[in-house]
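Below: the structure, in structure tokens.
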Amino acid sequence: MARKAAGRPPEETLSLWKREQALLKTLVVDRDTEAWQRDPAFSGLQRVGGVDVSFVKGDSVSACASLVVLSYPELEVMYEDCRMVSLTAPYVSGFLAFREVPFLVDAVQQLREKEPRLMPQVLFVDGNGVLHHRASSSSAPAGFGVACHLGVLTDLPCIGVAKKLLQVDGLENNALHKEKIRLLKAGGDSFPLMGGSGTVLGMALKSHDHSTKPLYVSVGHKMSLEAAVRLTHGCCKFRIPEPVRQADIRSRDYIRRTLGVQGAPALQPERSKKAQRPKACPQGVSEEPAVSCCVVNCSVKSTWQRTEPTCQSP
DNA sequence: GCGACAG
DNA sequence: ATCTTGTCGC
């Protein structure tokens with residue numbers, strides 16, 4: 001059952017991935033493109049989405065990809081899609097998108113076909129946007145993280161939200177940085193993250209009054225940094241923006257339910273869960289083995305996926 | 001050998 | 001990412 005971790009990809013693959021990032025980076029739009037983004041109260045914004053991928057514990061291949069859509073400003077779940085997937089690419093810092101994004105694009109595509117009226121107007125992504133490694137061969141001022149990648153491939157406005165600072169382009173989680181964090185007073189307070197080139201790559205945001213660790217917000221696609229930070233704050237009931245938090249909770253829950261049948265003994269006392277309310281959504285179950293393989297939506301198919309047919313479990 | 005390291 | 005229950009506090 002538990003499949004072993006994939007090793008580090010060969011340099012050739014990393015080269016292709018870098019080229020792909022450089023190519024798609026030219027398509028990123030880092031300003032507001034929708035009317036609601038410029039409205040002080042985000043009038044016109046009704047649906048915010050969140051995506052996440054959770055893993056089966058002793059297994060680096062089996063995971064659950066989830067997409068949720070919440071109403072705004074109520075932040076109540078109106079759509080949930082969880083699906084077990086088999087990840088083929090390993091996690092390599094700087095190339096997170098190549099591991100997770102194909103399945104997230106897939107989820108968005110499913111929604112587009114089956115419930116287009118529920119399509120979110122913006123997507124919160126677990127990870128960075130332009131706050132990312134800069135391709136050394138490119139003169140572009142910013143990088144291309146998973147939030148940009150998903151934004152370009154889906155053409156949806158995206159916001160990158162990372163829980164830790166990615167130390168790139170001169171950014172360091174050093175004493176000075178920690179002091180700036182300490183000076184953030186109330187929820188909504190933030191300070192810019194300036195890269196070595198003088199470009200603001202993102203913002204450290206205190207997401208609510210009693211949060212110690214900030215969020216690292218950066219532009220993914222089709223939105224300004226200012227609007228991204230403001231909306232992120234507006235979607236935080238807790239430290240993590242509700243769309244991403246719900247996607248995380250539900251994908252982990254889905255894994256527990258899926259594995260609970262044969263994995264855990266019959267002993268399963270009721271735990272005091274409070275955040276489990278609405279659940280009237282398609283979960284893509286009933287008929288399929290709930291496992292999709294080798295879905296690639298990139299213009300460049302990775303060498304990794306072609307040379308490592310991991311689509312079959314013994 | 002040491003430090004870095006989104007998820 | 002994942003390993004983990006109860007407990008202290010508002």
Side-chain angles (χ1 to χ4, degrees), chain A residues 1-9 14 17 21 50-66 84-104 123-134 142-151 158-174 177 187 193 195 201-205 208-220 232 237-241 244-245 247-256 259 263-264 267-274:
Chain A
M1 298 265 185
R3 280 165 286 188
K4 45 189 180 229
R8 188 183 177 82
L14 294 181
W17 284 358
Q21 290 179 327
V51 293
D52 190 45
V53 176
S54 293
F55 300 80
V56 172
K57 70 173 182 181
D59 190 326
S60 59
V61 173
S62 302
C64 175
S66 69
M84 290 305 295
V85 298
S86 296
L87 303 187
T88 56
Y91 169 69
V92 181
S93 179
F95 302 95
L96 172 64
F98 293 90
R99 177 163 167 79
E100 303 187 345
V101 111
F103 307 98
L104 301 179
L123 222 41
F124 283 88
V125 183
D126 215 328
N128 295 294
V130 300
L131 171 47
H132 194 261
H133 300 272
R134 295 174 54 192
F144 188 76
V146 64
C148 300
H149 209 131
L150 184 59
C158 283
I159 299 174
V161 180
K163 296 181 285 295
K164 302 175 195 170
L165 175 65
L166 182 59
Q167 304 186 136
V168 296
D169 200 19
L171 294 173
E172 279 186 292
N173 182 22
N174 52 24
H177 181 78
L193 301 166
L201 299 178
M203 298 277 251
L205 168 72
H208 70 81
D209 291 347
H210 299 291
S211 185
T212 303
K213 299 181 62 175
L215 290 179
Y216 296 95
V217 180
S218 59
V219 170
T232 299
K237 291 163 74 170
F238 303 99
R239 178 181 176 239
I240 306 300
V244 169
R245 181 169 167 271
D248 178 66
I249 290 174
R250 287 155 192 267
S251 58
R252 299 164 78 134
D253 236 37
Y254 187 86
I255 287 178
R256 283 192 55 174
L259 270 54
L267 270 177
Q268 204 61 264
E270 284 299 330
R271 314 179 89 8
S272 54
K273 299 234 174 197
K274 2 185 111 177

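Just so it is clear: chains get the letters A, B, ... in the order the sequence lines come, proteins before strands, and each one is counted from 1.
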(request) Provide the distance between the two P atoms, one in C:dC3 and one in B:dA4, to the nearest whole Å. (result) 27 Å
(message) If I pick the C1' atom on B:dC5 and the same atom on C:dT2, what distance separates them, to the nearest angstrom?
(response) 16 Å
(message) Does the plane of the ring in A:Tyr216 sit parallel, tilted or perpendicular to the ring in A:His177? Use 30° and 60° as the thresholds.
(response) parallel
(message) Please pick, from B:dC5, C:dA1, B:dA6, the nucleotide with the shortest atom-to-atom distance to any side-chain atom of A:Asn128.
(response) B:dA6
(request) Starting from C1' on C:dA1, measure out to CG on A:Leu96 and report it in whole angstrom. (result) 10 Å
(message) If you define the side chain from C-beta out and look only at heavy atoms, does anything of A:Arg8 sit under 4.5 Å from A:Leu14?
(response) yes
(message) Once you apply a heavy-atom cut-off of 4.0 Å, does A:His132 come out as touching a base, just sugar-phosphate, or nothing?
(response) base
(request) Check whether any side-chain nitrogen or oxygen of A:Tyr91 sits under 4.0 Å from OP1 or OP2 of B:dA6, and answer yes or no. (result) yes
(request) Please state how far atom CG in A:Asp126 lies from atom P in C:dT2, giving the value in whole angstrom units. (result) 10 Å
(request) Answer with base, sugar-phosphate or nothing: what part of the nucleic acid does A:Gly160 contact at a heavy-atom distance below 4.0 Å? (result) nothing
(request) Would you mind reading off the distance between A:Glu100 atom CD and C:dT2 atom C1', rounded to a whole angstrom? (result) 14 Å
(request) Would you indicate which nucleotide in C:dA1, B:dA6, B:dC5 comes nearest to any side-chain atom of A:Val146? (result) B:dA6
(message) Given B:dA6, B:dA4, B:dG7, identify the nucleotide with an atom nearest to the side chain of A:Lys163.
(response) B:dG7
(message) I'd like to check A:Met84 versus A:Val56 (side-chain heavy atoms, cut-off strictly below 4.5 Å). Are they in contact?
(response) yes
(message) I need the CG-C1' distance between A:Leu171 and B:dC5, as an integer number of Å.
(response) 15 Å
(message) Can you measure A:Arg252 atom CZ to C:dT4 atom C1' for me and round it to whole angstrom units?
(response) 10 Å
(message) What is the distance, to the nearest angstrom, from the CG atom on A:Leu131 to the C1' atom on B:dG7?
(response) 14 Å
(request) Taking only the side-chain heavy atoms of A:Lys164 (C-beta and beyond), determine which of B:dG7, C:dT2, B:dC5 contains the nearest atom. (result) B:dG7
(message) Would you say the ring centers of A:Phe238 and A:His208 fall short of 6.0 Å from each other?
(response) no
(message) Regarding A:Arg250 and A:Asp52, does a basic nitrogen lie under 4.0 Å from an acidic carboxylate oxygen?
(response) no
(request) Mind calculating the distance between CZ (A:Phe95) and P (B:dG7) to the nearest angstrom? (result) 17 Å
(message) Rounding to an integer number of Å, can you tell me how far A:Leu165 CG sits from B:dA6 C1'?
(response) 10 Å
(message) When you measure from the side-chain N and O atoms of A:Arg99 to the phosphate of C:dA1, is any distance below 4.0 Å, counting only OP1 and OP2?
(response) no
